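For reference, the structure discussed in these notes is given below.
Every chain is numbered from 1, with letters handed out A, B, ... down the list of sequences. Note that the structure is a prediction, hence the values are computed from the model and not measured.
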Amino acid sequence: MSTYVITVATFIAIQAIVAYGLNIIVGYAGQISLGHAAFFGIGAYSAAVLSTKAGLSFWSALPLVLLICGIFGALLGLPSLRVREDFLAITTIGINFIVEAVFLYVPFFGGAMGLGGIPKVVFFGMRLKGGGLLALCLVCLALVILLCRWFTKSWAGLACRAVAADESAASSSGISPVRFKLLAFVLGTVIAGLGGSLYAHRMGFITPADFAFPVSTMILSIIVLGGMGTLWGPLLGAVILGALPEIFRPIADYRMLLYGALLLLMVRFQPGGLLGDASVLRSILARMKGGGGRDR
Amino acid sequence: MTGDGAILSVRGLSKRFGGLQAVDRVSFDLMRGEILGLLGPNGAGKTTCFNMISGVHRPTEGTIHFDGRRTDGLEPHRMAELGVGRTFQIVRPFASMTVAENVMTALGRSNYRGIHPLFRRWDTKPCRDGAMELLERVGLTSYAARNAGQLPLGDHRRLEIARALALAPKLLLLDESFSGLRHEEVARMEGLIRSLSDSGISILLIEHNMKVAMSLSQRVVVLDHGRKLAEGSPEAVAADPEVIEAYLGKGGIVDAAGGV
């Protein structure tokens with residue numbers, strides 16, 4: 001594989017991880033979040049600070065990074081999740097701008113120049129670059145997918161689905177909406193933090209703009225495109241949205257336009273996403289499966 | 001019915017929404033195993049009463065005792081855990097789930113505390129069997145795998161009852177379970193509610209359909225403008241001039257029943 005392909009694939013894997021985090025919040029628990037990049041950023045900055053200023057390795061910093069993201073997820077999620085729908089969307093946008101502003105204006109975080117000199121990940125004495133880091137990202141991605149699968153099969157996952165479907169009915173069925181919305185939010189932000197940590201160590205240098213509001217929109221586009229609340233949707237969405245700008249280099253400048261148009265088209269024609277219920281792709285896959293059954 | 005005391009005691013219950021006194025010092029008891037009808041014209045405060053009993057609203061004043069403990073101000077999911085099942089006037093199925101999954105969700109009531117919910121699987125045989133048993137009780141087994149959002153209204157109402165039964169309730173709150181049902185569905189629902197009562201569940205029902213309410217309830221409480229107007233046997237209440245005046249209007253019981 002060429003370095004170029006490895007680089008693109010690594011970013012796709014990282015974006016997919018972050019998107020899986022958002023999928024738990026938006027897809028499973030039904031709580032819209034337009035500020036997911038904030039937690040991606042909190043993960044990246046925590047990893048950067050812990051490795052450059054405290055001298056920790058990627059591995060020893062990781063549990064702390066996840067913990068920090070979880071704590072911030074809980075602190076910012078608890079007040080936000082008291083409001084619903086449009087208000088929640090606006091509140092989470094606000095979170096994104098505030099977090100970005102903190103990175104930008106607090107000198108400790110390097111301001112607009114960002115934080116540099118973040119060391120590479122060392123694995124058994126080997127400095128991971130290129131293929132090695134891609135492998136690490138893919139392993140993390142696989143673990144995240146397994147975690148999501150586990151989650152949907154747990155009572156917590158069912159409780160989140162119930163809350164997403166109807167909060168009042170869920171609470172009169174013995175489910176505390178606050179508890180499970182918060183659980184989904186914290187889980188989603190912790191996963192975003194994992195993505196952030198990988199991103200920081202991959203880049204070696206991060207700036208506040210890497211975690212600005214458009215990044216949140218992009219992550220949301222990934223899951224809307226792939227299929228909210230599905231297991232493979234975020235991966236499919238990340239691959240398509242990650243690969244498209246590379247394939248169509250000339251339209252790279254029009255990324256936001258592309259995302260906007262894509263979101264509109266999806267909402268209009270495939271509201272459940274490419275892998276959602278009753279989607280065209282789903283029915284084709286089902287037909288192929290059915291056809292294979294007849295052959296046998 | 002064998003009555004050994006009240007399972008639900010409401011005392012001086014009031015709820016104010018801004019300037020609106022929705023419920024005004026209402027008191028009543030629901031005996032164990034009893035079917036109590038909560039009647040009254042639109043806006044009388046019936047659903048607000050329900051919402052306070054099931055924990056959706058915190059009363060402005062007054063107390064609620066359920067099964068020997070004070071429960072006013074407890075959240076709905078706590079009430080569900082304690083054994084209060086409810087249905088909704090405007091049905092609220094989990095539309096994105098199958099009929100069976102709707103019931104299984106409520107069957108999990110004991111799994112939603114602590115850190116258990118993350119480590120236990122819900123789609124197990126006992127849980128599926130439990131859901132099928134309840135669906136059989138309400139007559140929905142053939143729709144178990146169907147998407148709950150696609151059911152007709154009458155089936156939604158029965159699904160909500162199955163979901164409430166999954167909580168193994170001591171008290172069932174039924175909010176207009178008959179509204180919008182076809183004639184044959186009404187008879188079926190009446191039979192279902194009687195069978196639930198026979199199995200020992202205490203039932204508080206809000207009903208607009210006077211005929212059904214009068215025939216099902218052992219006692220009725222009539223509310224008007226948030227106040228308790230009358231309480232007693234259906235016959236006594238139906239003959240109460242004040243009730244006829246305030247609730248049934250000049251036309252009498254037949255018109256009121258037909259007019260809904």
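- Of the two parts of B:Ser54, neither the backbone nor the side chain holds a non-hydrogen atom closer than 4.5 Å to a non-hydrogen atom of chain A.
- Going from atom CD of B:Glu81 over to atom CD1 of A:Ile175 covers 10.5 Å, rounded to the nearest 0.5 Å.
- Looking at B:Phe88, the atoms closer than 4.5 Å to chain A (heavy atoms on both sides) all sit in the side chain, from C-beta outward.
- Chosen from B:Arg109, B:Arg163, B:Arg120, the residue pairing most often with chain A at heavy-atom distances under 4.5 Å is B:Arg120.
- Proximity to chain B is absent for every atom of A:Ala164, based on heavy atoms less than 4.5 angstrom apart.
- The nearest pair of heavy atoms linking B:Cys127 to A:Trp155 is SG-CH2, 3.7 Å.
- Nearest heavy-atom pair across B:Ala80 and A:Gly174 is CB-N, 3.4 Å.
- For the atom pair OH (B:Tyr112) and CG (A:Leu183), the distance works out to 12.5 Å, reported to the nearest 0.5 Å.
- When all heavy atoms are compared, the tightest approach of B:Arg86 to A:Ser172 is CG-CB, 3.8 Å.
- Here the shortest heavy-atom pairing between B:Ser96 and A:Ala165 reads OG-CB, 3.8 Å.
- More than 12 heavy atoms of other residues, nucleotides or ligands shown are found within 6.0 angstrom of CD on B:Glu190.
- More than 12 heavy-atom neighbours from other residues, nucleotides or ligands sit within 6.0 angstrom of CG on A:Leu146.
- Remark: A:Arg82 CZ is loosely packed, at most 12 non-hydrogen atoms of other residues, nucleotides or ligands lying under 6.0 Å away.
- Of all the listed residues (B:Arg78, B:Met104, B:Met97), the one sharing the greatest number of non-hydrogen pairs under 4.5 Å with chain A is B:Met97.
- Contact check for A:Arg161 versus B:Glu101: side-chain heavy atoms found under the 4.5 Å cut-off.
- At most 12 heavy atoms of other shown residues, nucleotides or ligands fall within 6.0 angstrom of atom CZ in A:Phe72.
- Taking each heavy atom of B:Pro93 and A:Asp166 in turn, the nearest pair found is O-CB, 4.4 Å.
- With a 6.0 Å radius and a threshold of 12 heavy atoms from other residues, nucleotides or ligands, A:Phe87 has its CZ atom at or below the threshold.
- Closest approach of B:Trp122 to A:Ser154, counting heavy atoms only: CD1-O, 3.1 Å.
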